[in-house]
Amino acid sequence: MKRFLLTLGAGALLASAAHAADIDIIEAPMPASSGAYVAARIAGAFPANTDFDLTVVPTNIVNDYKTIGYGGAFAVGYGYGIGLGAVRAELEAGLLSQEIESHTLTALPATLSDPLAFGTTEILYGTINAAVDIEAGMGFRPFLAGGVGMAQVNFKNHGVTLGAPVGPLGPGPVTAMNDKDTGIAWHVGGGVGYAIDDQVTIEAAYRYFGVSNVELTAVDGTVSSVPIRQHQVTLGMRYGF
């Protein structure tokens, strides 16, 4: 009986080993690696309307932008792998530009559209960013991100072409605002990265971007507070070292 039990036990061990050899080993996702990286991003910006006041012709002017503006940014950062993810810190600098579609003079009321309305709004910004990556497997890494910094908002040659005089203005091209100021830039959002290899990650993301505490002076000396708000869709690439 003892010999029978030993033989039975040995057979069971051999069968278990053979079965284990047929089982595919599933590896757990590897945590994101640590290290420095550089990044480049392009952005499509969907800006909210802005507005400012005039006193020489008492009116508020509402600036409606073309559907989409464009921008680009560069960043340097460092990621630190933790568990099945990573935390990242970045310094980012970028430029955004939006063209005017129309100006509405609310006191008349009248709306003048391109080419009778003209002007460009440019935003030059620098932010300190933080992000948290989550390793989702198969190279995908969703992330949440945000940043804060400073931005220069430049209203370049905002105006209209008047067919007839309006008070002391016109006829002809009239520039109402040509000024710039520096405010607090910030953004929040998230996206997903895909690791092509150990060094290259491509990313797609959404941002809600704003610049606060911006005061601009119209050509007649009227000062207006002009907050900037916009939705952004970004595409980018990170290269690690």
Side-chain angles (χ1 to χ4, degrees), residues 41-74 92-127 147-187 206-234:
R41 300 181 177 109
I42 58 173
F46 303 87
N49 291 350
T50 57
D51 67 275
F52 58 88
D53 296 323
L54 282 182
T55 302
V56 62
V57 177
T59 187
N60 178 255
I61 298 179
V62 177
N63 314 304
D64 184 20
Y65 295 93
K66 294 185 185 295
T67 303
I68 184 171
Y70 300 96
F74 292 96
E92 179 179 326
L95 177 66
L96 301 160
S97 180
Q98 297 104 32
E99 298 291 330
I100 285 293
E101 176 66 30
S102 68
H103 290 300
T104 298
L105 285 69
T106 58
L108 296 183
T111 297
L112 298 175
S113 299
D114 183 30
L116 297 179
F118 48 85
T120 303
T121 296
E122 291 184 349
I123 304 170
L124 179 65
Y125 70 90
T127 55
V148 64
M150 303 295 291
Q152 182 187 80
V153 177
N154 189 359
F155 273 39
K156 299 175 66 175
N157 197 32
H158 280 230
V160 295
T161 299
L162 299 174
V166 177
L169 304 179
V174 176
T175 296
M177 174 72 76
N178 190 32
D179 192 28
K180 57 189 174 184
D181 189 29
T182 299
I184 299 173
W186 51 269
H187 64 84
Y206 164 81
R207 284 181 175 180
Y208 186 65
F209 180 91
V211 186
S212 303
N213 298 339
V214 175
E215 292 191 344
L216 300 175
T217 303
V219 293
D220 68 351
T222 306
V223 178
S224 301
S225 176
V226 186
I228 303 294
R229 301 289 185 270
Q230 58 182 231
H231 302 278
Q232 295 178 2
V233 177
T234 67

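Everything numeric in this text was worked out from a predicted model, so none of it was measured.
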Candidate pair His158 and Thr121, rule side-chain contact (heavy atoms from CB on, under 4.5 Å), full reasoning: CA-CA 8 Å; His158 280 230; Thr121 296; 3.2 Å; yes

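- Within the 4.5 Å cutoff, no side-chain heavy atoms of Leu112 are placed close to those of Thr161.
- In this structure a side-chain-to-backbone donor-acceptor pair under 3.5 Å is present from Asn60 to Phe52.
- Ala117 and Ser102 make their closest contact through CB-CA, 3.8 Å (heavy atoms, listed as atom of the first residue, atom of the second, distance).
- Put simply, CG on Asn49 and CG on Asn63 are 7.5 Å apart, with the number rounded to the nearest 0.5 Å.
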From CA spacing to verdict: side-chain contact (heavy atoms from CB on, under 4.5 Å), His187, Gln232: CA-CA 10 Å; His187 64 84; Gln232 295 178 2; over 6 Å; no

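- Checked against the 6.0 Å centroid threshold, Tyr208 and His231 count as a close aromatic pair.
- Here the straight-line distance linking atom CD1 of Ile228 with atom CD1 of Ile123 works out to 5.0 Å at 0.5 Å rounding.
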Which donor-acceptor pairs under 3.5 Å do side chains of residues 171-180 form with protein atoms, sequence neighbours excluded?
unit_1, atom_1, unit_2, atom_2, d
Thr175, OG1, Asn157, OD1, 2.6
Asn178, OD1, Asn157, N, 3.0
Asp179, OD2, Thr217, N, 2.8

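- One distance of note links CZ of Arg41 with CD of Glu92; it measures 5.0 Å at 0.5 Å rounding.
- Rounding to the nearest 0.5 Å gives a distance of 7.0 Å between CD1 of Ile100 and CZ of Phe155.
- For the residue pair Ser225 / Glu215, no side-chain donor-acceptor distance below 3.5 Å is found, with atom types taken as modelled.
- When all heavy atoms of Pro58 and Ala107 are compared, the closest pair comes out as O-CB, 3.2 Å.
- In this structure, the side chain of Ser224 engages the main chain of Asp53 through a donor-acceptor pair within 3.5 Å.
- Here the closest non-hydrogen pair linking Leu108 and Ala110 is CB-N, 3.7 Å.
- Atom CZ of Phe74 has 12 or fewer heavy atoms from other residues, nucleotides or ligands within 6.0 Å.
- Contact check for Leu96 versus Tyr70: no side-chain heavy atoms found under the 4.5 Å cut-off.
- Counting only distance, with no hydrogens or angles, the side chain of Thr50 and the backbone of Val226 share no donor-acceptor pair below 3.5 Å.
- The heavy-atom pair separating Ile68 from Gly44 by the smallest distance is CD1-CA, 4.0 Å.
- Under a 3.5 Å cut-off, the side chain of Thr106 and the backbone N or O of Thr59 do not form any donor-acceptor pair.
- In this structure, CG on Asp114 lies 8.5 Å from CD on Glu99, to the nearest 0.5 angstrom.
- Of the residues listed (Leu95, Val153, Asn154), the one engaging Leu124 in a side chain to side chain contact (heavy atoms under 4.5 Å, CB included) is Leu95, and it is the only one.
- Nearest approach of Val233 to Phe46, heavy atoms of both residues: CG2-CE1, 4.2 Å.
- For the residue pair Thr104/Thr111, the side-chain donor-acceptor check at 3.5 Å is satisfied.
- Here the straight-line distance linking atom NE2 of His103 with atom CG of Leu116 works out to 11.0 Å at 0.5 Å rounding.
- Across all non-hydrogen atoms, the minimal contact from Glu122 to Ser97 is CG-OG, 4.0 Å.
- Applying the side-chain hydrogen bond (donor to acceptor under 3.5 Å, both in side chains) test to Asn213 and every residue at least two apart in sequence or in another chain returns nothing.
- For Thr222 and Thr55, the side-chain atoms include at least one donor-acceptor pair closer than 3.5 Å.
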